[in-house]
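This report refers to the structure that appears directly beneath it.
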Amino acid sequence: MDENLYRAGVSLVFGGRSPIALACANQLASRNKVFLVTRASGEDLEALVGDAPNIEVVVANLEVVGESRRVVEDIYLAGQEIDSVVFLQRYRPEDLANFAAHCAVELWSIAECLNTIKERKSLSRNVQALISSSPAAEKVLVDQSLEYHIVKSGQEALARFYAATLGSSKISVNTARIGSVVVKKRAISYWNSVPNVMSGLMGLAQSGELQTSEDVGKLFADFVSANLSGLSGQNFSIDDGFSLRDGAQLAKSALEGTPINE
């Protein structure tokens with residue numbers, strides 16, 4: 001019998017100060033020890049994490065080759081096993097031409113992490129990995145760069161590759177596209193500055209409410225905690241059904257406050 005199966009299970013969340021990553025970490029912390037990976041720590045992040053005893057902040061510069069591997073190896077060297085890993089890290093370059101760093105953070109650090117988990121995990125242990133993607137993986141978003149679109153498409157290709165090649169190691173890899181209609185606290189002033197847009201979109205949302213970063217973080221946590229070992233290589237959208245309908249018509253209806261069928 002593999003004694004490593006009895007090691008404490010932990011969750012690994014990449015994303016630092018991202019409201020969605022914080023919400024995901026807090027949700028997972030009710031079930032597991034959580035390691036929250038961030039580029040830089042500080043009093044502000046400690047305040048955001050709060051008094052959650054099950055969340056440990058780990059500082060790692062994912063632009064540097066080997067940092068993602070170090071984070072994973074430290075967990076296994078401490079006698080723990082990774083049950084789930086969520087990738088919500090984003091690179092916001094001051095210079096959009098810095099494509100290598102963008103890829104290092106949002107692509108190669110993910111590959112490095114998954115490869116290291118494969119090397120170190122117990123053979124019989126299931127691991128769930130979920131990568132945050134974007135509608136930009138298949139659609140052109142006018143407010144995003146070429147580099148952004150390439151990286152998001154690359155994330156979904158990376159997920160398919162690892163779903164196909166790591167399945168025999170009991171590692172499931174999926175992607176989730178976070179839609180544009182997600183309300184974040186730090187952007188609430190923008191949403192409120194556009195007349196009728198909040199009420200208009202709320203009327204179009206299938207749930208009747210606009211999703212918040214907390215809602216999305218909880219969905220990520222619930223997904224990787226469900227032990228869906230037979231589900232891998234899939235992509236789904238977290239956007240309350242908005243991607244199923246015509247975006248231009250939705251935007252027009254939201255701004256005008258008119259029903260979608262008018």
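Note: hydrogens, waters and symmetry copies are ignored here, and every other heavy atom, side chains too, is used. Residue numbers count from 1 along this sequence.
- Here the side chains of Phe14 and Cys113 are in contact, with some heavy-atom distance below 4.5 Å.
- Rounding to the nearest 0.5 Å places CG of Leu141 at 4.0 Å from NE2 of His149.
- Closest heavy-atom contact between Glu63 and Ala101: OE1-CB, 3.7 Å.
- Checking Ser84 against Gln128 by side-chain atom types alone, no donor-acceptor pair falls below 3.5 Å.
- Counting heavy atoms from C-beta on, the side chains of Phe87 and Leu158 never come closer than 4.5 Å.
- The main-chain N or O of Gln234 is found under 3.5 Å from a side-chain atom of Asn174 such that the two form a donor-acceptor pair.
- Using a 4.0 Å cut-off between charged nitrogen and carboxylate oxygen, Arg70 and Glu67 count as a salt-bridge pair.
- Panel note: side chain Ser153, backbone Ala137; a donor-acceptor pair is recorded below 3.5 Å.
- Stacking of Lys218 on the aromatic ring of Phe220 is not recorded, the 6.0 Å distance cut-off and the 45° axial limit not both being met.
- Follow the hydrophobic side-chain contacts under 4.5 Å out from Leu130 and you reach Leu228 in the same cluster.
- To the nearest 0.5 Å, atom CG of residue Asp74 and atom CD of residue Gln80 are 10.5 Å apart.
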Worked check of side-chain hydrogen bond (donor to acceptor under 3.5 Å, both in side chains) between Arg177 and Ser134: CA-CA 4 Å; Arg177 293 177 184 172; Ser134 162; over 6 Å; no
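- Ring orientation note: the planes of Tyr91 and His102 are tilted relative to one another, at an angle of 30° to 60°.
- Atom CD1 in Ile150 sits 8.0 Å away from atom SG in Cys103 (nearest 0.5 Å).
- Looking at every heavy atom in both residues, Thr175 comes nearest to Ser133 through CB-CB, 4.4 Å.
- Clustering ILVMFWY residues whenever any of their side-chain heavy atoms sit less than 4.5 angstrom apart, transitively, puts Leu107 in the very cluster that holds Leu146.
- Here the closest non-hydrogen pair linking Ile178 and Ile20 is CD1-CD1, 3.7 Å.
- Remark: the Asp215 side chain and the Thr212 side chain contain an N/O donor-acceptor pair separated by less than 3.5 Å.
- Here the shortest heavy-atom pairing between Asn235 and Ala176 reads OD1-N, 4.2 Å.
- The nearest pair of heavy atoms linking Ser232 to Ser172 is OG-CA, 3.4 Å.
- Using modelled atom types, one side-chain atom of Asn26 and one backbone atom of Leu22 make a donor-acceptor pair closer than 3.5 Å.
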Full working for side-chain contact (heavy atoms from CB on, under 4.5 Å) between Leu28 and Val224: CA-CA 9 Å; Leu28 286 169; Val224 296; 4.0 Å; yes
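- Lys121 contributes no side-chain N or O that, together with a main-chain N or O of Asp83, makes up a donor-acceptor pair within less than 3.5 Å.
- When all heavy atoms of Ala21 and Leu88 are compared, the pair lying nearest together is CA-CD1, 3.6 Å.
- A donor-acceptor pair under 3.5 Å is absent between the side-chain atoms of Ser18 and the main chain of Gly15, judged by distance alone.
- The closest side-chain heavy-atom distance from Asn32 to Asn54 is not below 4.5 Å.
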Arg31 and Asp222: CA distance, side-chain angles, deciding distance, salt bridge (charged side-chain N to carboxylate O under 4.0 Å, His left out) verdict: CA-CA 10 Å; Arg31 308 157 183 166; Asp222 288 344; 2.7 Å; yes
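- Connection of Leu231 to Leu219 is established within a shared hydrophobic cluster, with ILVMFWY side chains joined at heavy-atom distances below 4.5 Å, either directly or through further cluster members.
- Note that OG of Ser132 is 8.0 Å distant from CZ of Arg90, once rounded to the nearest 0.5 Å.
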Derivation of the side-chain contact (heavy atoms from CB on, under 4.5 Å) call for Phe35 and Ser11: CA-CA 6 Å; Phe35 292 93; Ser11 297; over 6 Å; no
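- Looking at Val13 and Val37, their side chains never come closer than 4.5 Å, going by heavy atoms from C-beta outward.
- Linking Ile, Leu, Val, Met, Phe, Trp and Tyr residues whenever their side-chain heavy atoms come within less than 4.5 Å places Val151 and Phe161 in a single cluster.
- Remark: Asn115 CG to Leu166 CG distance equals 7.0 Å, nearest 0.5 Å.
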Candidate pair Arg39 and Leu62, rule side-chain contact (heavy atoms from CB on, under 4.5 Å), full reasoning: CA-CA 7 Å; Arg39 189 174 304 180; Leu62 299 181; over 6 Å; no
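- Gln89 and Ser109 share a donor-acceptor pair across their side chains, judged by distance under 3.5 Å alone.
- A salt bridge links Arg69 with Glu119: the distance from a Lys NZ or Arg NE/NH1/NH2 to an Asp or Glu carboxylate oxygen falls below 4.0 Å.
- Arg120 and Glu81 are not joined by a salt bridge, as no carboxylate oxygen comes within less than 4.0 angstrom of a charged side-chain nitrogen.
- Counting only heavy atoms from C-beta outward, the side chains of Val58 and Thr38 never approach each other to under 4.5 Å.
- Note: the hydrophobic cluster containing Val71 does not contain Val59 (ILVMFWY, side chain heavy atoms under 4.5 Å, direct or indirect links).
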Val10 and Val34: CA distance, side-chain angles, deciding distance, side-chain contact (heavy atoms from CB on, under 4.5 Å) verdict: CA-CA 6 Å; Val10 304; Val34 177; over 6 Å; no
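- Using a 4.0 Å cut-off between charged side-chain N and carboxylate O, Lys152 and Glu106 make a salt bridge.
- Rounded to the nearest 0.5 angstrom, Ile117 CD1 and Leu12 CG are separated by 6.5 Å.
- Counting non-hydrogen atoms of other residues, nucleotides and ligands closer than 6.0 Å to NZ of Lys33 gives a total above 12.
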